[in-house]
Structure formats: structure tokens, C-alpha cells
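For reference, the structure discussed in these notes is given below.
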Amino acid sequence: MIEDLILAKYNYWIYVTLMMIGFYAVIAKKNLVKKVIGLNIFSTAIFLFYISIGDVIGGTEPIYIHGEHVVYVNPIPHVLILTGIVVSVSITAVALALIIKIYEEFGTIEEDQILELQS
Amino acid sequence: MKEEDVIIRTVIRLIVPFIQIFGLYVIFHGGSGPGGGFQGGVILAASMILYVMAFGVTGGRRKLTEKTNMIMRSTGVLIFSGIGLLAILFGGKYLDYGAVPLPFIHHAAEVRALLIDGGVEVGIGITVMAVMVTIFLEFYPGGTSDD
Amino acid sequence: METIITIKPLLAVLIPLICAVLIIFSSKHPNIRDGWSVAAGVVLFLTVLSMLPDILAGSVIQFTVIEMLPNLPIKFKVDAFGELFGLTSSFLWIFTTFYSIGYMRSLKEHAQTRYFFCFSIAIVGAIGIAFSANLFTLFLFYEVLTVSTYPLVIHNETPEAMSGGRKYLLYLMTAGIFLFFSVAAVYYYTGTTDFAFNGILDGHGIPVVMLKILFITFMIGSAKAAFMPLHSWLPSAMVAPTPVSALLHAVAVVKAGVFTATRVILYVFGVDLMGETGIGLMMAYFVCITIIVASFYAMTHDNLKKRLAYSTVSQLSYIVLGVSMLTPDGITGGMLHIPYHAFMKITLFMCAGAIIVTAKMENISEMKGIGRKMPITMLAFTVGAMGMAGAPPVAGFVSKWFLLLGSVELNQLPILIVLLASALLNVAYFFPVIYTAFFQKPDKELTFGEASPFMLVPLTLTAIGSLILGIWPDAPYLFLELVNVAVQNVTTGGI
Amino acid sequence: MIWSLDIAMLFFLVVAALAAISVKDLLSAVIILSLYSLIMAIVWVELRAVDVAFTEASVGAGITTVLFIFALVRTTGRSED
Amino acid sequence: MIFDNAPALVVIFPLIAAITVPIIGYYNKRLIPYYVTLVIFCSFIFSISNLRTVMQTGSISYTMGGWEPPFGIEYAIDYLNGFVSIVVIFIIFIVSIYAKKSVEQELPGRTINFYTVFLLLTAGLQGLIVTGDLFNVYVFLEISSIAAYALVSVGKSRDALMASMNYLIIGTVSASFILLGIGYLYMVTGTLNMADLADRLPLAFDERPKVVLAAFAFFLVGFSIKVGLFPLHTWMPDAYSLAPSAVSAMLASTFTKVAAYVMIRVMFTIFKPDFIISTVHAHTILAWLAAIAIIAGSVLAIAQTDFKRMLAYSSVSQIGYIILGVALMNQIAMTGGVIHIMNHGIMKAALFMVAGAIIYKTGIRNINDFKGIGKTMPYTSAAFTLVALSMIGIPPTVGFVSKWYLALGAIEAGMWVFVGVIMLSSLLNIVYFWRVFENMYFYRAEGGKVDEVPLSMLLPILILAALTFLLGVLALYPLKEIMAPMVQIILPG
Amino acid sequence: MRILPLITVLLVGALLIWSAQDMPDMGDPNAPTNLHVAPYYIEHSEEEVGVENIVSAILADYRGYDTLGETTVIFTAGVSVLLLLRRRED
């Protein structure tokens, strides 16, 4: 029973772990770059979850193979996650641009130090 | 110019066209295999990034001027959304590629396939590439930002 | 009963509103500006007056402006009671306007345009309250009145004025919020807020506890009437210029408060419901406390305006007391006291203002011997004070007589005692003023005379008015006739 | 699907993620993040999501890393946590 | 023919325009503000056309690419989002007029990119409103969020950067939660179309209740952050007060409202009221949170001396009204909540514009320095007065309409506490607005020459101020023609 | 100070783990996801769209609008970075 739970869903456990790691970095780390790294881990974890739910045992890639009857894995999560990755990189880019600007203005990228410098 | 630089530059000069061809292949191959506008665009951008890293911003700007980059950024999305508008113009719903009458092709599926491979994916590729290069150049020390 | 539909009630509200706009646009020309005020006052009074014959004939004038929310129109309805208040305030507004012009000009006050603008808007509020056909419209104008009088109260813009104004605003806005809630609750239970002669709430099966709570929130909502625990805004509002005090006390604000309270008691709850649930008697006892306590407060104040303020607190409760007795005589007395008290109190305040402007005195103990220098003013003051105490032949006697009759009719000895005791107390705190003014020797030479005619004429006229009302209360077109119609309406359910 | 390889990959993922958020040197953290993305891409290939894996490899491990590195060049590579 | 495609065009128009802005700007910079205003106006016309279609023929279902709903992406417009769409695009239209001068002063030399992002935000918000596909919600949420982060960051003070950074991080976490919620729902139903999801969810809930519940929790938290519901509002005051004036006006009046709309959509169209009431009891929690938000937001607003910051905290409190209306779960309160989306949008836009106008002319942000502004900027001050009275809820303004419905709704729900909360908050509103009012008008200040902002900034303020009054007086029409059928659809019974 | 984030994270983690119990098994062909919309795509995409890669077909056509949005996201990010980092744009 418990083996079933662990083995049949191991991807989920990994994704939960990764998400917790990323989330922790986002809310607990003071360094802004670390926060962004955390965001990346956080979102990739969600992507892993999406890809995992699309998987089918014994399936093949969702690209047509003519003449054979095969089981394809579910392509929808792939499509969604392609979008997700793009969104993630966009946000990373904007966040990094902000960090560069913050460093120019405040001379540091540690959140607590910036808060002290703020008026 | 150091000797290493010469080697790197020569290698990059040689490699970049191949990367770009690969990128284009990925874009156009999106319909039949893994890949598509997005991945191809990123690969194209990577080639540009390599070029800038080897030849500096001025070198990179010779290949891709500010204005071209700006226009490419917009054109990519314009192509995509323009095809959608075209569909409206020919009486279909937005993004209904099948409604666009193309010469010589009468089967809706073929029209769709052609427009996806030759239009939509290309549009995505152009925008992705241009934006990635833009962002990279903005981040690049001594890049185009004014400080 | 006949219902006449004319635009007159709306006109009555629009006239001062247009006047306010005109005032803003002629701010550079003081004479034209003040001319607008006077003209609007006269036209307004005539408009209100023109509705009187129909009302006395037993008709009701009605006009729906717009249905703002479902079944919640902005609607005017002039019945006898509304006409009573409308007539009082529009008539007295003319006097206050004249008086204001005199007061503001002789003190060369700042921001006169703002002052007259807000003054006009205040009368919009008062008339709107008088003529509103439902609780919602009443609430609307209630808020208009609150907002527009605030700049008047803090006109001096001194720190003292500001803090007094804040207190004023806080009390009245809180009242507005409670009123808002009460209106919403009435609407929720009955689906309408239109006043009815036999009450809105009757016959909807609302639990008595709920009714009592609702009544309490309504009474908090009419805090403009300055019931005792919620009275303290009124003395603090005394920082305002005297014409404003006159406006607040006699014409607009406090009268709007008691008017609202009366509307709620008679037209929302209705005589029957108030009687059945015992809320009426509860309220009567409650206001008795105010009557007595406020009189004692009045005695402790040396500042003339403060003393008048507490007198107002006490007198207002007469009105509500009369109404909550729920007997025809009681209601008559209460309603009559609205215009009568207005006439008398406005006289008193105008006198106080005249003294402040010419004699530069605010405390009673300073006013030794001023009666000889300002005989007309002080005579008018004496008339007003006598009326307050209920001495014949001034107007106050008539209303108090009816109140006494009401308490006898109700067989309530405590109320009777309160009424009599309060009359004595009134004498006790007004007599010293008169005594000081006429019979005490001044400490130093007094070098002033009567106030400017702009101020003197209005106060003389209102004093004479108080006398006429007292001597000949049942003259045609005077208030008693109107009150009789109103009492007829509520006691018979308008049939 | 090879179970052990799969599990090992996922284990590496967790290790890489933990390392990326705890290393004090930001450049190392970014490189580790890139590695993390790469492993993730392989996992996705395992799950037969080739398109996504391709994208993750080129974007997550490629462009994102480049952007991170140049952002660090423009700011500072040191972190206090 | 073109109006047949209005549901798509309402989004596509600003989107394509946004793309062309850099190209046009390259050749002629001065054209851009007019171009942007024109485009948004067209989008506004399309919005109106959509709502008209809804009123005439019922809900619209527009299929992107012609693919039938569960397979393609659907644009579903009913009374609710037709209404919100008009409100949002109208406010953006007004803001776009206002933005011209304000941006010229605050962001000299950056107008092209500013307007591009501005239009992208518009497109993103419109897309969020009209879409009927859950994943599409995420995509457009991200478009508008990224645009919003960028717009906030270019505020004058350097603190704006940090405000934007916080906004970005919290916003991304919330979007990730929403993405996760979408994934959970997809996992148990296999579809992303909202209507289809709603059909399949009851069965899915029977089979896998925990997943559905977790999805609900993620949506709730995710949208609460985006909406700025009280304990999760922390990004909001900084972001709104430090952004450029035009951006504050736009974000405060539209973004949170749109997020609130999506929250309503997810709660009522996908999960259905029954599920919320009888299964998760989320409405009680939400209602209490909203009540706390109303009070806490007002109290915090009183504590501020910076005008824009005070307005931002006031937003926290006003958001509480919307959520309270939604959470009371009866038709009356729902009407109040939804109409408050419009009312608060108009009022907050006007107030932030007033703040921007004062900053534009005098550079003053501190309320205590407002002395004499009533004389130097009479029209702006008059507009402020009217809108502030509306915020307090004086009839016959729009603010009264929402409070009226919320109070009635609270009575209907038998929750007297919330009636008290609404009353108390009105009082607190008076306290913090009156302070501004007093400073504007009642301290004798020297100077006194009329020195108003340019007409293109003044006119939008006056229009919105007039609307707070007019829409209050004429509230019956939208209430009867739009709100009543809308409430019937989303909260039957 | 770090205890609050940790609690938050653990709470979220607990929710995730709790909900994971009800999730369909990995690769279960009978999971709802594999029964509803996806089979349609797998069966029809080639004849309807004419593209062999099902992901591409969905990406560019069935859910093409999402992809337009995605491209817009990238575009937004690009312009946002420009808006942020450039003081003057000419």
C-alpha cells in the first residue's frame, strides 16, 4: 500500500519537494538573485508536475508515426508548459533587469540592506 | 588582439552560420518533429549572443542594428496576429488559418500546415530571437543601456 | 385625499441650488452676490407659500424626480407636516440672510463667497428634508445638510473652530451612517421607504426586539436633534459665527433632526405601532431626562451662546416629547413647537450676535447695563426668553399648553412635572441675563449703540413674530391650522 | 523507462535545487541552476516530452543562465545567504 | 461583419497596436499618445458592441480559430464580463488621455516603451476578462502582470524599484499558485475550458475530492494575492504609491478589479456556489477576511500622510467591499460587490488622477502640505471633494449605491456584524478623506492664484468625477438591465 | 526570523502532499486527462491541421491563441526590460 503510494507517484513527491525548496528560497532568502533562482526552481517544479500528469505508461512522443498503432502520451501538458517556460524566462529577464537597476541605485542586492537605505 | 581571441573569433565566425542554419531548421521543422518557432528563435538568439561575446557590442550591432532589432521584435508578433486578422478578413474566426485562401492549395488542413510552418512558427521565431538579443544586449556590460 | 403632482417641491429645492451656483459666479461682486441670496430667499418662500392653500385643503403635493435604485426614488411629497417645516425654514431663511449680510460685512469676514454658497446649500438640505417623500430622499438631504454646514461651522478656521468642526462632523456623519443603516433595514423589511400616515413598518411582522433596535438606530441617526448623550456637538458648534448658530439652532440643522425624529416616529413607525410596542412612552421618558439635564447644564455656562445652545438642547426635546406622547394634543404641541421655537431661538441668537458684534461681549457676566444702550435688542431678547419659559403672550406658551394638555390626556404625571419644572428652570437661566442687562450698573462707560439695521430689523421682526404667534395662534394660514391637518393625518391614518 | 535512472535523476534534481539556493557564491548558484535545468530536461525526455525538454534545455539551461551571468556581472556575485 | 469578431478584437486591437507603437514611434514620437487613445477607444467600442450583443442575444461564445470549445480556446462573454470589460476599458481610455502630459513630465524620453507596455497591459487585462479558457487566464495574467511590474518600476523615486521587485516576486508566486490550481483541475477533469470544467467538476470531486479542494485553495490564495486581500496586500501600497501617476490611476482602478472578476469567475462559474457554501465553507472565511480588510485598510489609510499611499491603503479597504459582496453569497450583496468593481474603479482612478495632478503641478505628496490647493487648483479640488464624498457613501453618488447593496446584502445574509463593519468603515473613510479636504480648503494660505493642470489632465478628472455622480443618479439602468440578469446567471436562486 | 517562511512552506507542502494522495497514478492510461480532450487531438490533429507533431498542432492551431499570448509575453518582457534599463530611447 505505502509502496504503491510512493512508487506510483514518486514524481509528485519530487515535485512537492522541489516546490518547497523553491518557495522557501523565494520567501526566506534576502538576496534578490537568490529569490529569482528560487522562483525558477518553483516554477520548474510546477512544470515537472504538469509533464508528469501527461505521461502514459508505454506511450510514445506525441509525433505521428505513420502506419503503426501506438499509444501517445498526452500532448496538452506539453503545450501548456512550453508557454509556461516562456513566461518563466520572461519574468526572470524582467526580474534581473530590476535587480541590475536596484544595484545601480542602492549598491546592494540584499533586501534587508535596501530596506535600510529606503527613505 | 591576443592570440586566443583570434582563435575564438575565427571559430565563432565559422560556427555561427551553422548554428543559424540549425535554428532555421528547428523553426521550419516544428511541424514534423520536435522544435518550432520558440526553440529555433532561442537558437538563433544564441548565435547572436555568441557573436556579440566574441566581437563586442559594436561588432554585434553591425550584424543586427538597433532599428532592425526593434522592427523584428514587432514583426514577429505582427506576422502571427496578422495571419489571425487575415482569417477574420476572409470571413473566419480569429486565427482560423483554414479560412485564408491560398493559391493552389484547396485543402484546409494543408493551408493550416503551411501557414503554421511558414508563418506562425517563423513569426514566433523572429520575435523570440529579437527579444532575447535585446534583453541580452541590455544586460551586456557596456551594452546599449546608457550608463 | 387628493394628490397633486406639480414640480413646485423640486423648484423649492432648486431655487437655493441655482442661487448657490450664481453666488460662485458672482464672487467678485459682493452686492450682486448677496442680492442673489436675498432674491432666492424671497422666491423660495413664495414658492413654498404657494403650496399652502392646497395643503390646508387636505391635499398632498407630490413629485418624483428619478428612480435611483429599484423602488427607491428621489421623490418629493409635501404634506402638512413637511409644509410646516418648509414654511418655517424658508421664511426664517430670509431673516438669517439679511442678518448674515449685516454680520459678515460689519466684521469684514474672509471667504464670504464660500460662506454664502454653503448657506444656500444648507437651505437646500433643509427644504429637501422637509419635502422628501421617503426615507431615502430624506437621508440624501440630511447628508447634504451635514456636509454643507461644516464649512460654516469652521468658518473662523482657528484651531478651536477646526476641532469644534471635527466634533460636529464626526457626530453628524456618524448619525448619517446610522440613519443609512436604518433606512436600509426599513427597505429590507418592507421593500419601500415611502412615508405613510400610519407608518411603514406596521403590519410586516417584524419582531419587537428588532423594532426597538431599529428605533434606537433611528434616534442615533437623528443626532441632529441633539438628544442628551449625543448632544455635545451642538455646544462645540458654537465656535461658528452667530448667524450660523442661528441657522443651525433655529432654522436648519437641529430642526432637521427633530423633523427626522418626528417623521420616523409618526410616519415610519406610526402611532399605532409606537403605542403597541411601548416605544413611544419609552422615548417620552427618555427625552424628559434631556429636558431637565440640559437646563441644568445651561445654568452652568456664563457664555451666552453656550447657554443658548443648551437651551436649544432642552427645547428640542419638548418637540420629541410631544410627538412621542402619541396623543393628538401632544403631537400638536410638539409640532407647533418646531416653528415657535424657531422664531424664538432665532431671535435670541440674533440678539446674541448683535451684542457680540457691537458690544464685543460674549459672557453674560460682562453684559451689565447693556440694556440701556441696546434697548431694542434686549427687549427682543426678553420676548424670546419669555417664550422659552412658556410665558404668555409669547408663542412658547401655546405649544407648551398643548404639551401639558397632552400629558394630562395621557395621564402621565411625571411628564407633567417635568414640563413644569423645566419652565421654572428656563426662567432660572434666562432671568439672570435680562437682570444683568437691564438692572446692573456697567463696570465702565459703554460706548456703543444699537447694531446695524441689517441686524436690528430682522431680530425685531422675529420677536414681533413670536408675539403674534403667541397672541393669535389660530389665525388663518398660521401654523396651528397646518398642524391640525398634520395631526389629523397621522391620527386617522390619512383617511 | 529505467526506474533506477529515473529515481537517480530526480534525486539529483533535489540535490541541485538545494545546492542552488544554499551556495553563497551566486555564480556557482547560477551554474548549478543551469545544471538543474539540464537534468530537468533529461527527466522530461524520459517522460517523452521532447518538445518541452528541448525548450528547457535551450531556455532554462541556455538563455536563462546567460542572462543570470550577465546580470551578476553588472551587479555582484556575492550573497549573504 | 467586423462586430461579429468584436470579442476577439477587443483584445487583439490593443495588442496589435502595442506591437506597432515602437515602429510608429520610431518615425514620429508625437503621434503615439493620440494613437494609443484612439486604439483604446476602438477597443471600448468593441466592448460596448459585445455587451449589446449579450443583452440582445444572450451570452457570446467566440471560438478562436474556429475550434469548438473543449478543443480550442473559447471567448465566453456574458453579462458579468461584458460589464467589467466596458468598465475597465473605459477607465483605461480616460487614463490614456490623462497620461499624455503626465508621462511627458515624469518619463521624458521613454514614452515609446511606456505606451507599448501600457497597451500591452490593456490587452492583457481585456484578455483576462473575456476569456473562457482557464489556461488562457494564466497567459493573460502574466502578460498584464509583467507589464504592471515594468510600469510600477519606472516611478520617480528609487524606492519604486524595490516596490516593483516585491510586486514581481509576490505576483509571480501567486501566478504560480494559480498555475498549480489550473494543473490540479486539469488533472482531474482533462479539460481547460471553463464551462466544460464546470460540467465535469462535480464528478471529479466525487472521485478525487482532495485534489479539487487543493485546487480551490490554490486559486483562493493566488487570486487573493492578485486582488490584494488584506493579509496578502503587502505589495499593493508600495506599488500603487510609488508608480508614475498615470500608472497608479490605471493599476489601482483596473488590475485589482480584473483580478477580483477572475476570482468571481473561478469561484462561481467553475466551482459553483453550492460547492463553496456547502463543501468548503470558503465564503465565511472570505467574508471575514474581507471585513478585516475593510477595517484594517481604512485604519492604515488614516495612519498615512502621503496622499497616494493613503489612497493605496484605501484600495485595500475597498477591495474588501468587493470581496465581501461576493462572499455573502446572496444576490443583493453580489450586485453590490460587482457594481463596486465599477464604482471603485471610477472613484479610485479619479482620486489617483487628482493625486497625480497635484504632484504634476506642485510636487506635493504630503497631505499636510495641501494647504491652499483648494484655491490654486479649484477644479481638481472640487472633483476630489465630489469623489471623496462618493467614497464615504453620500447619496446620490455611486459610492452610496454599492454601500446600499452591501448593507442590504449583509442584512439579507443575517450577518449584522458586517453591517457594522460597513458602517464603521464609512466613518473611517470620513476620517481620512476629511483630513485631505480640510487641508485643501480650510487653512488660510497665501497665494491663491488659480494654477490648474493642463486641460488634457483636468478633463479626465472632471469626467470621472461627474460620472461618480451621474452613474449614482442613473444607477437604475445598469442595475436592472445588466446586474439583475448577471446575478441570476452567476448566483441563481 | 526564518521560522515563519519555514512554516508557510511546510503548510503548502502539507497541502500538496495531502492532495497528492488522491491523484491518479503516474502514467495511468485511464486518468481523466487521457480520456477527455487529449484523445481528440491525437486522433484528429493530423487530418485537421496537417502537422505531424501533435504538440505543434495544438500549440500553433488548437491553442494557437495561447501561443500568441506567449509570444506577447516575450515581447512584453523585451519592452519592459528596455523601459527599465534605458533612460532615453533614441
Side-chain angles (χ1 to χ4, degrees), chain B residues 29-38 41-42 66 69-70 72-74 76-81 83-84 87 93-98 105 107-117 119-121 123-139 143-147, chain F residues 5 16 23-90:
Chain B
H29 192 60
S32 45
F38 194 75
V42 171
E66 177 99 46
N69 194 4
M70 181 270 290
M72 278 173 80
R73 266 202 315 266
S74 297
V77 196
L78 259 185
I79 293 174
F80 195 160
S81 47
I83 292 175
K93 293 281 168 73
Y94 188 71
L95 288 179
D96 189 355
Y97 315 123
I105 304 172
H107 197 254
E110 285 173 30
V111 176
R112 283 172 185 276
L114 196 71
L115 281 177
I116 288 171
D117 270 350
V120 173
E121 299 278 15
I124 300 173
I126 293 175
T127 293
V128 169
M129 182 217 141
V131 169
M132 288 304 170
V133 172
T134 310
I135 297 175
F136 170 75
L137 282 176
E138 289 301 320
F139 280 19
T144 45
S145 55
D146 52 355
D147 29 40
Chain F
L16 290 168
M23 288 181 182
D25 288 351
M26 284 270 309
D28 181 0
N30 290 321
T33 38
N34 296 328
L35 296 178
H36 186 37
V37 178
Y40 175 88
Y41 290 147
I42 292 171
E43 276 169 37
H44 299 278
S45 76
E46 201 186 12
E47 67 181 86
E48 283 182 352
V49 184
V51 170
E52 284 153 24
N53 185 345
I54 306 174
V55 173
S56 283
I58 303 173
L59 188 79
D61 204 338
Y62 292 106
R63 299 190 69 84
Y65 193 66
D66 266 354
T67 311
L68 178 62
E70 160 194 355
T71 321
T72 313
V73 169
I74 272 282
F75 181 79
T76 313
V79 183
S80 298
V81 170
L82 284 179
L83 178 64
L84 251 167
L85 291 180
R86 286 214 188 160
R87 292 239 172 77
R88 303 207 65 86
E89 53 203 7
D90 32 38

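The structure presented is a predicted model; accordingly, all values stated were derived computationally and were not measured.
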Checklist entry - Can you name the side-chain contact (heavy atoms from CB on, under 4.5 Å) partners of B:Ala113, sequence neighbours left out? => result F:Val51

Next on the checklist: Can you tell me which portion of B:His107 sits under 4.5 Å from chain F's heavy atoms? Options are side chain, backbone, both or neither.
Outcome noted: side chain

Next on the checklist: Counting C-beta onward and ignoring hydrogens, is there a side-chain heavy-atom pair between F:Val81 and B:Phe136 closer than 4.5 Å?
Outcome noted: no

Item to check | Listed once per pair and sorted, the salt bridge (Lys or Arg N to Asp or Glu O under 4.0 Å) pairs that draw on residues 64-78 of chain F, sequence neighbours left out | outcome: F:Arg63-F:Asp66

Checklist outcome for this item: Residue from B:Leu114, B:Leu115, B:Val120, B:Ile116 scoring the most non-hydrogen pairs under 4.5 Å with chain F is B:Ile116

Checklist entry - Is there side-chain contact between F:Leu82 and B:Arg73, with at least one heavy-atom pair below 4.5 Å? => result yes

Item to check | Side chain to side chain, B:Phe139 and F:Leu85, heavy atoms closer than 4.5 Å | outcome: yes

Checklist entry - If contact means a heavy atom pair closer than 4.5 Å, which residues of residues 40-49 of chain F contact chain B? => result F:Glu47, F:Glu48, F:Val49

Checklist entry - With B:Arg112, which residues qualify under salt bridge (charged side-chain N to carboxylate O under 4.0 Å, His left out), at least two apart? => result B:Asp96, F:Asp61

Item to check | Heavy-atom check, side chain of F:Val79 versus side chain of B:Thr134, under 4.5 Å | outcome: no

Checklist entry - If you count heavy-atom pairs under 4.5 Å between each of F:Ala60, F:Ala77, F:Gly64, F:Ser80 and chain B, which one has the most? => result F:Ala60

Checklist entry - Among F:Leu68, F:Thr71, F:Leu59, which residue forms the greatest number of heavy-atom pairs with chain B at distances under 4.5 Å? => result F:Leu68

Item to check | Heavy-atom check, side chain of B:Phe80 versus side chain of F:Thr67, under 4.5 Å | outcome: yes

Item to check | F:Tyr62 OH to B:Leu95 CG distance, which is reported to the nearest 0.5 Å | outcome: 14.5 Å

Checklist outcome for this item: The interface call for B:Met132 against chain F, heavy-atom contacts under 4.5 Å, is side chain

Checklist entry - Can you tell if the side chain of F:Ile74 reaches within under 4.5 Å of the side chain of B:Thr127, non-hydrogen atoms only? => result yes

